[in-house]
K.L.:
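Here you go, one structure.
Note on naming: letters A, B, ... go to the chains in the order of the sequence lines (proteins, then strands), and numbering restarts at 1 for each one.
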Amino acid sequence: ENSLLRQVSSLLRRLPAVESGKFQDDFLMEYNDTLLVTYLAVLTNC
Amino acid sequence: MDMEQKQEELIDHFVKQASSLTGASLASLVSEATSHPSLFAFSEILSAPSLLQLEGTENSVYLDVLRLFAHGTWSDYKSNAGRLPQLVPDQALKLKQLTVLTLAETNKVLPYDQLMQQLDVANVRELEDFLINECMYAGIVRGKLDQLRKCFEVQFAAGRDPRPEQLGSMIETLSNWLVTSDNLLISIQEKMSWADKMSELNKKHKKEIEDKAEEVKKTYS
Amino acid sequence: SADAIFYYDEAAQTKFQQEKPWVNDPHFFKRVKISALALLKMVVHARSGGTIEVMGLMQGKTDGDAIIVMDAFALPVEGTETRVNAQADAYEYMVDYSQTNKQAGRLENVVGWYHSHPGYGCWLSGIDVSTQMLNQQFQEPFLAVVIDPTRTVSAGKVDIGAFRTYPEGYKPPDDPISEYQTIPLNKIEDFGVHCKQYYSLDITYFKSCLDSHLLDLLWNKYWVNTLSSSPLLGNGDYVAGQISDLAEKLEQAENHLSHSRFGPLVTPTQRKKDQEESQLAKITRDSAKITVEQVHGLMSQVIKDILFNSVQQ
């Protein structure tokens, strides 16, 4: 079914959604911040 | 999906027409289909038996034009201009729109220089006008024009007619995506079981400590 | 039968108004039913106010011990916590709106007011309590609803509370058990002084068949928006405020410990120890809540990254 194939092709072209160094940096920074908050919470628990 | 819904009726109409026409009369059909402002898919028309019969005949040039619009770009037309009939302005516009879709297939960030070269556009203003008026407003692409970095960031591009050789990579990508999703679901399931188990252990440990504390209090008192 | 709740029986409502069963029982109304439409309108209005408190009125009817909220409308006032009677600015608007509603065929009366507490939880402040007491004196039956749009976003579910005040001088027979919520340090006094002057009602929701159909149609748009957003990025200021507040509470708890007459070597009295434990326990619970919300946000980001960014052409 050509219509479905075109839609699938269009969808697959969108992957990966974001691929850039800047995104990775921001993402890892958010990751680190959350892990830091978790660490502080565990310390508070102790 | 919106694109496909808009084109569905048009495709049906042209396919029906193609089944009832033969030979040279298909020339006007091909011309009409390739000039239509809302049609960007030609595989269904291309697979009509009457059109396939044009192969090897004196009218095979119309079949080549349709194939060009189904899979080719503006550069392909320029390099084969001698063999193919002269395109009217509407057809040229259509082919340039399809060229943008083809370029968006390989890269998400399209530099202005590359676009200007591929589309035979003289300056940036003309290029941006083309991208905005003919591509974005037509709904075939969505994206951001970055004038500082002189590039067009494509967020969405409608799909062109797929070639048979592209199916393999599409199937592989879909399979990889499916495997990734399945693995992710399994990980989530595992984490949920782990969380439940840890919660149970925690509760048990807390109860043990509380019981011990009670015991010590009783012993002390 | 599912939509029967939307039928307005004027005779029954008038009879109920004349009987006034709430006069003899300050705890008469126990339940609130809010329509999906009213909830959406209130939450969207509260969220649109950002960090500024907004308010509005609710229209509906009563059904036994339940107040049913059918619709809500915003009032053109802001900063309800900073002024004694913010509603006064909107009296003309309220009257005009109610009259126009009746002309348009909407028979329900105003049954309450709602306002937002952006980032500091659902409870009634001193000003809110006096406003509600006044409303309950002259406009019964009347309900107070509070929405926290900031915590709604960070928690992923609507943070809402419905309250009614007790009459002046009334002492409730027993302390109501309310769900714990973290209160910022700068609001804790206002919360503590007035928390015994009102009680909260159980909230349930309902929607019509048409509402269900429309919400189904909007589902695609809704989940795409949800998928695209992230509470980590959208609520950064609020989280920073929460952590700062937590730090202040920890410092306060530490000061209490160091200022207590008996040092750590001597066991303090049981009561004091309980107080300190409960204060520290609250702080620990708050820190766990903040962390859990952050971890949820991060989990969704990681899952989205794996699903949509790890697959290559």
K.L.:
Can you tell me if B:Glu208 has over 12 outside heavy atoms packed within less than 6.0 Å of its CD?
P.N.:
yes

K.L.:
Step by step, work out the side chain to side chain contact (heavy atoms under 4.5 Å, CB included) result for A:Leu11 and B:Trp177.
P.N.:
CA-CA 12 Å; A:Leu11 178 65; B:Trp177 203 6; 4.0 Å; yes

K.L.:
Step through the shown structure and confirm whether more than 12 heavy atoms of other residues, nucleotides or ligands are within 6.0 Å of OH on A:Tyr39.
P.N.:
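Check fails, neighbour count at 12 or below.
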
K.L.:
A quick test of your reading: do over 12 heavy atoms of other residues, nucleotides or ligands sit less than 6.0 Å from CD of B:Gln147?
P.N.:
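Counting other residues, nucleotides and ligands, CD of B:Gln147 stays at 12 neighbours or fewer.
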
K.L.:
Under the side chain to side chain contact (heavy atoms under 4.5 Å, CB included) criterion, do B:Asp161 and A:Leu5 qualify, and how do the steps go?
P.N.:
CA-CA 8 Å; B:Asp161 297 304; A:Leu5 280 174; over 6 Å; no

K.L.:
Please determine whether the number of non-hydrogen atoms from other residues, nucleotides or ligands lying under 6.0 Å from atom CZ of A:Phe27 exceeds 12.
P.N.:
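Counting other residues, nucleotides and ligands, CZ of A:Phe27 exceeds 12 neighbours.
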
K.L.:
Minimum heavy-atom separation for B:Met170 and A:Val8, please, with both atom names.
P.N.:
CE-CG1, 3.8 Å

K.L.:
Of all the heavy-atom pairs spanning B:Ala157 and A:Ser10, show the shortest one and how long it is.
P.N.:
O-OG, 2.8 Å

K.L.:
Please classify the contact between B:Leu101 and chain A as side chain, backbone, both or neither, with a heavy-atom cut-off of under 4.5 Å.
P.N.:
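Neither; nothing under 4.5 Å.
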
K.L.:
Could you measure the distance from the OG atom of A:Ser9 to the CZ atom of B:Arg160? Nearest 0.5 Å is fine.
P.N.:
10.5 Å

K.L.:
Is the side chain of B:Lys108 donor-acceptor paired with the backbone N or O of A:Pro16 at a distance under 3.5 Å, no angle test?
P.N.:
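Answer holds: yes.
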
K.L.:
Once rounded to the nearest 0.5 Å, what's the spacing between atom CD of B:Glu172 and atom CG of A:Leu12?
P.N.:
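Rounded to the nearest 0.5 Å, the CD-CG separation comes to 11.5 Å.
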
K.L.:
Select, from B:Glu105, B:Gln7, B:Glu8, B:Gln155, the one with the greatest count of heavy-atom pairs under 4.5 Å involving chain A.
P.N.:
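Answer, by heavy-atom pair count under 4.5 Å with chain A: B:Glu105.
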
K.L.:
Looking only at heavy atoms, which two atoms of B:Glu4 and A:Arg6 are closest? And how far apart?
P.N.:
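Heavy atoms of B:Glu4 and A:Arg6 come nearest at OE2-NE, 3.1 Å.
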
